[in-house]
Amino acid sequence: MKEYTKKVLLLVVICVATLAVLVVALKLHENKMNNLLSESEIKNYLTEIKYEEIKSHVTEMPDRIIYVTNSSEEESKTFNKIFIPVIKKYNLENEVIHINLNGTTIVDPVYQYAPELIFYQGGEISDIIDCSTIESSKDLTKVLKERSVISD
């Protein structure tokens with residue numbers, strides 16, 4: 001009976017160890033996915049700031065564009081694919097700053113929606129564009145030309 005008990009005990013230990021490794025692996029994978037969602041591809045092209053830093057950036061450069069995004073939402077990811085080529089083509093890296101709303105709660109109604117472009121002129125908001133309505137780089141280029149951000 002002792003030999004049988006040892007085998008059963010060994011089997012239980014192996015099962016528990018296997019389950020523990022599986023739980024740890026799943027938790028690591030979940031953390032990795034959350035980290036990927038918290039970062040936006042757009043941050044490789046635009047300066048990312050926090051909501052609290054908006055006033056200082058707008059004070060320094062009163063004619064500024066703020067791109068509000070939420071890296072965990074599909075609409076933002078889709079618009080990033082449209083926006084990145086326009087940023088590159090027209091060298092907008094210094095004209096636009098970026099705020100990622102993922103995981104933050106902002107009570108300011110202007111900065112609650114993503115994706116959107118907020119245009120400042122003279123330190124005041126002059127226009128807000130809902131980016132989910134823009135379907136191509138051509139449409140975005142037209143919007144930016146209308147607001148004298150870019151010219152050909």
Side-chain angles (χ1 to χ4, degrees), residues 13-152:
V13 169
I14 290 172
C15 288
V16 168
T18 302
L19 286 174
V21 168
L22 181 62
V23 167
V24 168
L26 287 173
K27 192 64 175 168
L28 288 173
H29 178 71
E30 179 184 0
N31 288 341
K32 180 181 176 185
M33 294 308 292
N34 286 339
N35 287 338
L36 288 174
L37 288 176
S38 69
E39 292 186 5
S40 175
E41 182 183 356
I42 201 80
K43 82 176 208 168
N44 296 328
Y45 301 94
L46 300 176
T47 302
E48 184 172 359
I49 65 168
K50 302 215 179 296
Y51 173 75
E52 299 80 25
E53 300 170 340
I54 292 171
K55 281 188 178 183
S56 63
H57 280 275
V58 172
T59 301
E60 290 174 20
M61 294 186 70
D63 298 330
R64 182 65 96 168
I65 302 168
I66 298 178
Y67 173 47
V68 181
T69 185
N70 186 335
S71 60
S72 64
E73 291 182 357
E74 198 59 40
E75 284 181 335
S76 291
K77 291 177 186 178
T78 301
F79 183 71
N80 285 349
K81 292 175 185 173
I82 294 169
F83 196 22
I84 289 171
V86 174
I87 292 170
K88 289 181 190 177
K89 182 176 181 180
Y90 294 100
N91 298 316
L92 297 176
E93 294 87 353
N94 296 323
E95 304 296 320
V96 182
I97 55 178
H98 157 247
I99 297 175
N100 187 357
L101 299 179
N102 189 37
T104 59
T105 303
I106 298 176
V107 292
D108 186 341
V110 174
Y111 292 93
Q112 288 185 356
Y113 305 102
E116 68 180 2
L117 289 170
I118 302 172
F119 295 84
Y120 279 86
Q121 283 186 329
E124 299 293 323
I125 295 175
S126 64
D127 199 3
I128 299 175
I129 303 295
D130 178 5
C131 297
S132 61
T133 62
I134 299 173
E135 297 180 2
S136 69
S137 293
K138 186 177 178 179
D139 293 341
L140 177 59
T141 302
K142 181 181 175 188
V143 165
L144 295 175
K145 284 181 180 180
E146 289 171 353
R147 285 154 185 82
S148 302
V149 175
I150 58 176
S151 59
D152 268 341

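- Side chains of Tyr111 and Ile118 form a contact here, defined as non-hydrogen atoms less than 4.5 Å apart.
- Contact check for Tyr67 versus Leu92: no side-chain heavy atoms found under the 4.5 Å cut-off.
- Closest heavy-atom contact between Lys88 and Glu93: CA-OE2, 4.4 Å.
- Nearest heavy atom pair, residue Thr59 against residue Pro62, reads O-CD, 4.1 Å.
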Would you tabulate the side-chain donor-acceptor contacts of residues 128-135 under 3.5 Å, counting partners in other chains and residues two or more places apart, or write 'none'?
{"residue": "Asp130", "atom": "OD1", "partner": "Ser132", "partner atom": "N", "Å": "3.1"}
{"residue": "Asp130", "atom": "OD1", "partner": "Ser132", "partner atom": "OG", "Å": "2.7"}
{"residue": "Asp130", "atom": "OD2", "partner": "Ser132", "partner atom": "OG", "Å": "3.2"}
{"residue": "Thr133", "atom": "OG1", "partner": "Asp130", "partner atom": "O", "Å": "2.7"}

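- For Tyr113, the OH atom counts as loosely surrounded, since its 6.0 Å shell holds 12 or fewer non-hydrogen atoms of other residues, nucleotides or ligands.
- Atom CG of Asn94 has 12 or fewer neighbouring heavy atoms from other residues, nucleotides or ligands inside a 6.0 Å radius.
- For Phe119, there are no ring pair (Phe, Tyr, Trp, His ring centres under 6.0 Å) partners at least two apart in sequence or on another chain.
- Contact of the Ile42 side chain with the Ile87 side chain is registered, since non-hydrogen atoms from C-beta on lie closer than 4.5 Å.
- The shortest non-hydrogen separation linking Ala114 to Glu75 is O-OE1, 4.0 Å.
- Side-chain atoms of Val58 and Ile66, non-hydrogen and from C-beta on, do get closer than 4.5 Å to each other.
- Note that CG of Leu144 is 11.0 Å distant from CG of Asp139, once rounded to the nearest 0.5 Å.
- In summary, the aromatic rings of Tyr45 and Phe83 are positioned with their centroids too far apart to meet the 6.0 Å limit.
- Taking NZ of Lys77 as the start and CG of Asn70 as the end, the distance is 9.5 Å to the nearest 0.5 Å.
- Atoms OG and CG, on Ser76 and Asn100 in that order, are 8.0 Å from each other to the nearest 0.5 Å.
- Annotation for Gln121: atom CD does not count as buried by contact number, only 12 or fewer foreign heavy atoms lying within 6.0 Å.
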